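Predicted model only: the values in this text are computed from it and were never measured. Just so it is clear, the values below take in all heavy atoms, side chains as well, and ignore hydrogens, waters and symmetry mates. Below, chain A is the first sequence line, B the second, and so on; all start at residue 1.
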Amino acid sequence: MLSLKYISENRDMVVTRLKVKNFESSELVDGIIELDIKRRKLKNILDNSQATIKKLSREIGTLFQQGKNEEAGQAKEKTTALKEEIKTLSSDLAETEGRIRELLVQLPNIPHNSVPPGKTPEDNIMVREGGAKPELNPDALPHWDLAARYDLIDFELGTKVTGAGFPVYKGKAARMQRALINFFLDQAGTAGYSEIIPPILVNEDSAFGTGQLPDKEGQMYHVTGDNLYLIPTAEVPLTNIFRNEIIPFSELPRKLTAYTPCFRREAGSYGKDVRGLNRLHQFDKVEIVEVQHPDNSYASLEAMTSYVEGLVVKLGLPYRILLLCGGDMSFASAKTYDFEVFSAAQNKWLEVSSVSNFESYQANRMMLRFRDETGNKIHTAHTLNGSALALPRIMAALLENNQSPEGIKIPPVLVPYTGFELINP
RNA sequence: GGAGAAAUGGCAGAGUGGUCGAAUGCGGCGGUCUUGAAAACCGUUGUUCCUUUGCGGGAACCGGGGGUUCGAAUCCCUCUUUCUCCGCCA
């Protein structure tokens, strides 16, 4: 969320900038500022009352010790009215703070200056593309048919065991999946990301910290018995590692990576996009997360983007990088690059990564801060994350693009991990 | 799952109703001494919020929440977590 102070001090700027996200915020922002004035007023009166009663209490204590019980009794009476007042004031204050928070979490993050305006994916700007689209035979098959032909991925079996969107990977596909995970983790390690195996169930505070709650509640699987959520991305546990932490200046940036399965209910997603591996309820992903000094976070965003680009290049996939327009960005992001790879048999671009700078939006929510160079001041850190990469669509594109009459060819960089070069009958 | 014990500052660890934001030790930072370092000695050392141009002043926080009291780290309730023992188990 945006900080209260920032909103109060930059009212017009916030409202103007949020219009890039097509978000009309003037009412919300004014409500917040009004409540904040009330909050400060209440806090001020309450502090004074508490200071008075604290002083009185000390005096009463002294009087009792001196055996002046009568005087103490008289002093006690003076506190009665004040106590009532404090009770009312603190509940008013708590209520006001609660309402401020309710409004604050409804405000999306402010987009960076370089974010183009726009409403739909059509308005995204392509910043780079690379890799050659393969020339496939006319009889080339989409990956779900290839999966059936080579007995690689069994969607029906997953439906039997769990339900739609939970595929079963078999044989060489399972091996290839594992190869991709290991390849991605090794690459990330080389690039300076520390490998983590985080919990894949998180509590409410964590889900709130990265912004999944309260807004995207229906998108996560909720284990109601223990009030835990299955992670929709490793971003959640990885970033929350730093929740309520003050990071020493010398330890910035912190760079983490993790492979986890991800779970998404995808409520409301139907139709052609869900075919095969295109959209699943459970999928594997390697994620990279970075906590960075505000001065360097945009350099990190570019570095992360280049890193992800290196991965798709190594895999030999045709790709393009999109700078998302205001309307297509996520609620919490200040700037996002999406990666799409071309899946030739479907003749379709598939999103395989999303790299974002959240600036202080998540950090404010989770009180993630750092100590500055002098060691005296504490500031909110910036957080970033990116997929590196989401596996199913990579798998889909690799299967489709690399099919040939002899079988499906494994990209050379993966062969050391798979132990085979070809998937054939 | 059952029984018991505990949760205090970066860490260790005092404090069981009255100037306690909290002794002491370690660690950290600054200094004296030293050619330099160590040792020794001296000083300093949390976070959030309100207020002030600034100096400063004030409030809250001793696992979370609630309560008793003029006053709570200290008493009560509740939740969470950790440890010990038992049971079960990858």
Side-chain angles (χ1 to χ4, degrees), chain A residues 1-9 32-104 197-209 213 223-229 237 240-252 254 261 360 362-381:
Chain A
M1 62 192 179
L2 304 174
S3 90
L4 194 49
K5 201 172 170 191
Y6 185 82
I7 293 169
S8 295
E9 288 169 4
I32 289 167
I33 291 173
E34 200 178 308
L35 282 169
D36 184 41
I37 292 168
K38 184 180 173 189
R39 174 191 138 259
R40 285 174 9 214
K41 210 193 229 163
L42 283 171
K43 168 76 174 150
N44 214 319
I45 305 172
L46 178 65
D47 279 0
N48 287 332
S49 303
Q50 279 180 324
T52 310
I53 210 160
K54 202 169 162 182
K55 207 172 132 205
L56 278 173
S57 296
R58 277 187 199 145
E59 286 169 10
I60 290 168
T62 313
L63 289 172
F64 271 126
Q65 276 169 350
Q66 293 170 347
K68 298 176 180 169
N69 289 4
E70 270 179 46
E71 285 175 55
Q74 283 167 4
K76 263 197 199 182
E77 282 168 30
K78 281 199 274 184
T79 64
T80 319
L82 260 182
K83 271 184 79 179
E84 277 305 307
E85 194 189 320
I86 286 173
K87 209 170 176 180
T88 315
L89 282 169
S90 32
S91 73
D92 278 3
L93 182 65
E95 197 208 314
T96 307
E97 284 172 344
R99 279 169 62 200
I100 290 173
R101 200 168 176 80
E102 266 171 43
L103 297 185
L104 270 181
I197 300 180
I200 59 175
L201 283 163
V202 295
N203 60 27
E204 259 181 296
D205 286 346
S206 292
F208 178 84
L213 290 180
V223 182
T224 52
D226 297 283
N227 197 25
L228 297 172
Y229 294 86
N240 275 283
I241 285 174
F242 303 105
R243 174 153 47 83
N244 289 322
E245 296 290 331
I246 299 171
I247 300 175
F249 184 83
S250 60
E251 288 180 21
L252 287 177
R254 295 293 304 270
S360 54
Q362 294 180 328
N364 273 325
R365 288 178 156 240
M366 63 173 80
M367 293 273 282
L368 195 185
R369 294 157 299 161
F370 69 94
R371 206 171 281 282
D372 73 6
E373 214 165 356
T374 68
N376 297 324
K377 285 208 162 183
I378 288 163
H379 307 277
T380 313

Between [X] ([atom1]) and [N] ([atom2]), how many Å, whole number?
{"X": "A:D226", "N": "B:U80", "atom1": "CG", "atom2": "P", "value": "10 Å"}
{"X": "A:D205", "N": "B:G65", "atom1": "CG", "atom2": "P", "value": "12 Å"}
{"X": "A:K87", "N": "B:G66", "atom1": "NZ", "atom2": "C1'", "value": "11 Å"}
{"X": "A:K54", "N": "B:G58", "atom1": "NZ", "atom2": "C1'", "value": "9 Å"}

Atom pairs and distances, side-chain donor-acceptor, residues 198-207 of chain A, under 3.5 Å, sequence neighbours left out:
residue, atom, partner, partner atom, Å
A:N203, OD1, A:D205, N, 3.3
A:N203, OD1, A:S206, N, 3.0
A:N203, OD1, A:S206, OG, 3.2
A:E204, OE1, A:N227, ND2, 2.8
A:S206, OG, A:R243, NH2, 2.7

Counting C-beta onward and ignoring hydrogens, is there a side-chain heavy-atom pair between [X] and [Y] closer than 4.5 Å?
{"X": "A:Q50", "Y": "A:D47", "answer": "yes"}
{"X": "A:D92", "Y": "A:K38", "answer": "no"}
{"X": "A:R39", "Y": "A:L4", "answer": "yes"}

Do you know which two heavy atoms are closest between [X] and [Y], and how far apart they sit?
{"X": "A:T79", "Y": "A:I60", "result": "CG2-CD1, 4.2 Å"}
{"X": "A:R371", "Y": "A:I246", "result": "N-CG2, 4.0 Å"}
{"X": "A:T80", "Y": "A:E77", "result": "OG1-O, 2.9 Å"}
{"X": "A:S3", "Y": "A:N364", "result": "N-ND2, 3.6 Å"}
{"X": "A:T380", "Y": "A:S360", "result": "CG2-CB, 3.6 Å"}

Using Watson-Crick or G-U wobble geometry with both distances below 3.5 Å, tell me the partner of [N], or none.
{"N": "B:U53", "result": "none"}
{"N": "B:U32", "result": "B:A40"}
{"N": "B:U47", "result": "B:A60"}
{"N": "B:A23", "result": "none"}
{"N": "B:A90", "result": "none"}
{"N": "B:G18", "result": "B:C70"}
{"N": "B:A7", "result": "B:U80"}
{"N": "B:C85", "result": "B:G2"}

Report task. Determine, for nucleotides 47-52 of chain B in 5'-to-3' order, which nucleotides have protein heavy atoms under 4.0 Å from the base (write B), from only the sugar-phosphate (write S), or from neither (write -). Result -> SSBSS-
Give me the distance, rounded to whole Å, that separates [N] from [M] when you measure between the [atom1] atoms they each carry.
{"N": "B:G21", "M": "B:A59", "atom1": "P", "result": "9 Å"}
{"N": "B:U45", "M": "B:G10", "atom1": "P", "result": "14 Å"}
{"N": "B:G30", "M": "B:A22", "atom1": "C1'", "result": "24 Å"}
{"N": "B:C85", "M": "B:U16", "atom1": "P", "result": "30 Å"}
{"N": "B:A23", "M": "B:U44", "atom1": "P", "result": "12 Å"}
{"N": "B:C62", "M": "B:U84", "atom1": "C1'", "result": "25 Å"}
{"N": "B:U82", "M": "B:C29", "atom1": "P", "result": "33 Å"}
{"N": "B:U52", "M": "B:G58", "atom1": "P", "result": "16 Å"}

With the criterion being N/O to N/O and under 3.5 Å, what pairs connect the protein with nucleotides 69-76 of chain B, and how long is each?
residue, atom, partner, partner atom, Å
B:C70, O2', A:S57, OG, 3.1
B:G71, OP2, A:K83, NZ, 3.4
B:G71, O4', A:S57, OG, 3.1

Query raised in the report: Taking it one step at a time, do A:E95 and A:R99 satisfy side-chain contact (heavy atoms from CB on, under 4.5 Å)?
Result: CA-CA 6 Å; A:E95 197 208 314; A:R99 279 169 62 200; 3.8 Å; yes
